[in-house]
Amino acid sequence: MSKATDLESPPSVEVENSDLEPTKTVQIDATEQKLNITKRIHTLGSVRHRHEHTGEIILIPTPSKDPNDPLNWSRRKKYYSAFIICLAMMICNFLAAGPTIAIVETAMEFFPSSKLNPSGLGPAINKTAYFFTTTALMQGTGNLIWMPLVNKYGRRPIYIISYTIYLACAIWASVTTGYGSFLASRILMGFGSGAAETMAPLSIADIFFLHERGLVMAMYTCALVSGVSGGIIIAGLITINHPWRVIYDVAIALIALTLILAFFTFPETVFIRPIEIDVDHEPTLTEKCDGPTAGLSESSTSSIPPKKTYLQSLKLFSGTYTEETFWRLVVRPFALILLPPVLWCSLVQSVTIGFIVAVTSNVASAYATAYNMKPYETGLCFIAALIGALVGIFCGGYLGDRTADFFTKRNGGIREPEMRLPAMMFSLISTPLSLILYGVGIQNKLHWMCPTVGLALLNFSIVQGTNVALVYTIDSYRPIAGEVTLTTMAFKSAFGFLLSFYTNPWIEQSGYVNAYGAMAGISAAVLIFWVPLYIWGKRIRHATWNWGVTSYVHWDEDREVGE
């Protein structure tokens, strides 16, 4: 594969315009090359993903000749890195939700008078709930600080620094006895642990090609909800024979292990990708299988830089990765919510992950009241949630990729981000059904399997639906994937935080059936919007890009990633 490297003699190249018309061979000079780069920005996710003649998958982004390019890593190294990313995701949610299963015991320790006065237990539990709601809020909103640093200085330093803060706060929470001190530790814990949640999609997009991304992103989403479900299961088992603080002792060991693995085995995944114009053709999957230098001419391989040593890969800071101002990086996520695809993705996150917050905020008392279950027995019901999440990997990841590829073939090899959206049909059915099963099952005291199946379906929906929606928006605005993820996560966290305050009063006033029935209707109303986005999404993306109010969304050339 030969690239144009001499800008003084204008080469003949194949260039696709912003409307993705058939390719034309044209003569361009250095100025026109820059214009073509600008046009590539405005394609907003529309790319040629299959060769127009052979039908082979074209590698997006185009891998460079550099052996340090994460796209050139071995398959084993890529999936090991994905394992570390998913492990970090699971552990960051372990303490966010796990201890909620022991909320009654926690309330009694911080408010001893509630032991003697049962009527005071309710207010004590409400105050104790702040430990968990504030953590969830900070996990999303804290990234307003982390994400500009991630884009500026890379993924590795933020993983290490944020997890160090997380570990310190877990130790703090395990030993402190005052309510104010414990609340402060939980707030800072959310700030430290939330960075991994937002960085994970960026790291995955750094390492994997477009056609691989859906499946790995589904693994990430599964890890996100498995951290909640697994944390509740493990925490419930711990409370059988141990006090609730042992949950934090176990978490300290898991956080420390993750931090050690990240420090010694997880290199930087950001790569400054030179924006080059391919003279002959785009690299295909077959060529990539022959090795990172397959198809390169002798002259193009002469300037390949040496591969970094293991010790060099452990370097914490490796420079800056964008010349954009810190202020612009901070402001961009606020402007992104004005773009319809990002707003819709944020709402999808809210009506799936947000509603699981509503469920977990009272699940212990709900199962205790309806079925007289102990905390650990309620925790074991979340095994169904893990099963639902695992099934969601297939339907949201593999099937989502296959759906997009099916429509890409029918479109002559041109991939549009919206081609992934028909896979949302699964969540459109499962999300409202899950909430109805849970609400009806608890209120009418049906067999405990009824609400438990609801938990399974809701976690399936989180992995399946939010993954399709998030990958859709990342494909649309790939160079600013970090800000896109931050916007959706922050919106979801704020929604979940507010919902956690109103869920119990809502249920007391309306009952489980009406409250969760309303949630089911809201979720269906949000998810059905995949249909107009599938039909008019491309037109919407390009029209809203030119709104004056979204000027801060536009990115500089050095944020380009070759998509």
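Here the structure is a predicted model, which is why all the values come from computation and not from measurement.
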For the student: nearest non-hydrogen atoms of Q464 and G396, plus distance: CG-N, 3.5 Å
Nearest-0.5 Å distance that lies between atom CD in E483 and atom CH2 in W555: 10.0 Å
From CZ (R541) to CG (L44), nearest 0.5 Å: 6.0 Å
Stepwise side-chain contact (heavy atoms from CB on, under 4.5 Å) check, Y472 with C345: CA-CA 8 Å; Y472 160 59; C345 180; 6.0 Å; no
Steps toward side chain to side chain donor-acceptor pair (under 3.5 Å) verdict (T135, R186): CA-CA 6 Å; T135 300; R186 291 284 310 189; 3.1 Å; yes
Q139 side-chain N/O to C92 backbone N/O, donor-acceptor pair under 3.5 Å: yes
Full working for ring-ring contact (aromatic ring centres under 6.0 Å, His included) between F94 and Y166: CA-CA 11 Å; F94 182 87; Y166 185 22; 9.3 Å; no
Member of K78, R478, R213 meeting the salt bridge (charged side-chain N to carboxylate O under 4.0 Å, His left out) criterion with D206: R478
Under 3.5 Å donor-acceptor, T550 side chain and N546 backbone: no
Set of ring-ring contact (aromatic ring centres under 6.0 Å, His included) partners for F266, sequence neighbours left out: Y159
Residue list, side chain to side chain contact (heavy atoms under 4.5 Å, CB included) with T403, at least two apart or on another chain: L399, F407, P422, A423
Residue of the set N411, D405, T408 for which side-chain hydrogen bond (donor to acceptor under 3.5 Å, both in side chains) holds with R50: D405
Listed once per pair and sorted, the ring-ring contact (aromatic ring centres under 6.0 Å, His included) pairs that draw on residues 312-331, sequence neighbours left out: none
Pair R75-E212, salt bridge (Lys or Arg N to Asp or Glu O under 4.0 Å): steps then yes or no: CA-CA 11 Å; R75 195 169 185 82; E212 303 170 320; 3.6 Å; yes
Side-chain (E197) to main-chain (G194) donor-acceptor, under 3.5 angstrom: no
By side chain to side chain contact (heavy atoms under 4.5 Å, CB included) - contacts of Y398 (at least two apart): L215, F394, R402
Pair W536 and W530, ring centroids less than 6.0 Å apart: no
Neighbour count >12 (heavy atoms, 6.0 Å) for atom OH, Y477: yes
Shortest non-hydrogen contact between K538 and S46, atoms and distance: CE-OG, 4.2 Å
Candidate pair T258 and Y163, rule side chain to side chain donor-acceptor pair (under 3.5 Å), full reasoning: CA-CA 8 Å; T258 305; Y163 247 73; 4.9 Å; no
Y310, OH atom: more than 12 neighbouring heavy atoms under 6.0 Å: yes
Nearest non-hydrogen partners of P148 and V330, listed with the distance: CG-CG2, 3.6 Å
Side chain D69, main chain P63, donor-acceptor under 3.5 Å: no
Residues K152, E324; criterion salt bridge (Lys or Arg N to Asp or Glu O under 4.0 Å); working and verdict: CA-CA 8 Å; K152 196 78 172 178; E324 288 187 308; over 6 Å; no
Q312 side-chain N/O to T309 backbone N/O, donor-acceptor pair under 3.5 Å: yes
Heavy-atom closest pair, residues G354 and K492: N-CG, 4.5 Å
Residue pair T265 / I84: nearest heavy atoms and the distance that separates them: OG1-CD1, 4.1 Å
Just distance, no hydrogens or angles: give the donor-acceptor pairs under 3.5 Å from side chains in residues 333-344, sequence neighbours left out.
unit_1 : atom_1 : unit_2 : atom_2 : d
W344   : NE1    : V526   : O      : 2.9

Side chain to side chain contact (heavy atoms under 4.5 Å, CB included) partners for A195, two or more places apart: N143, W146, I158, S162, M199
Minimal non-hydrogen separation, A200 against M89, with atom names: CB-CG, 4.0 Å
Inter-residue atom distance E416.CD - S476.OG, 0.5 Å rounding: 9.0 Å
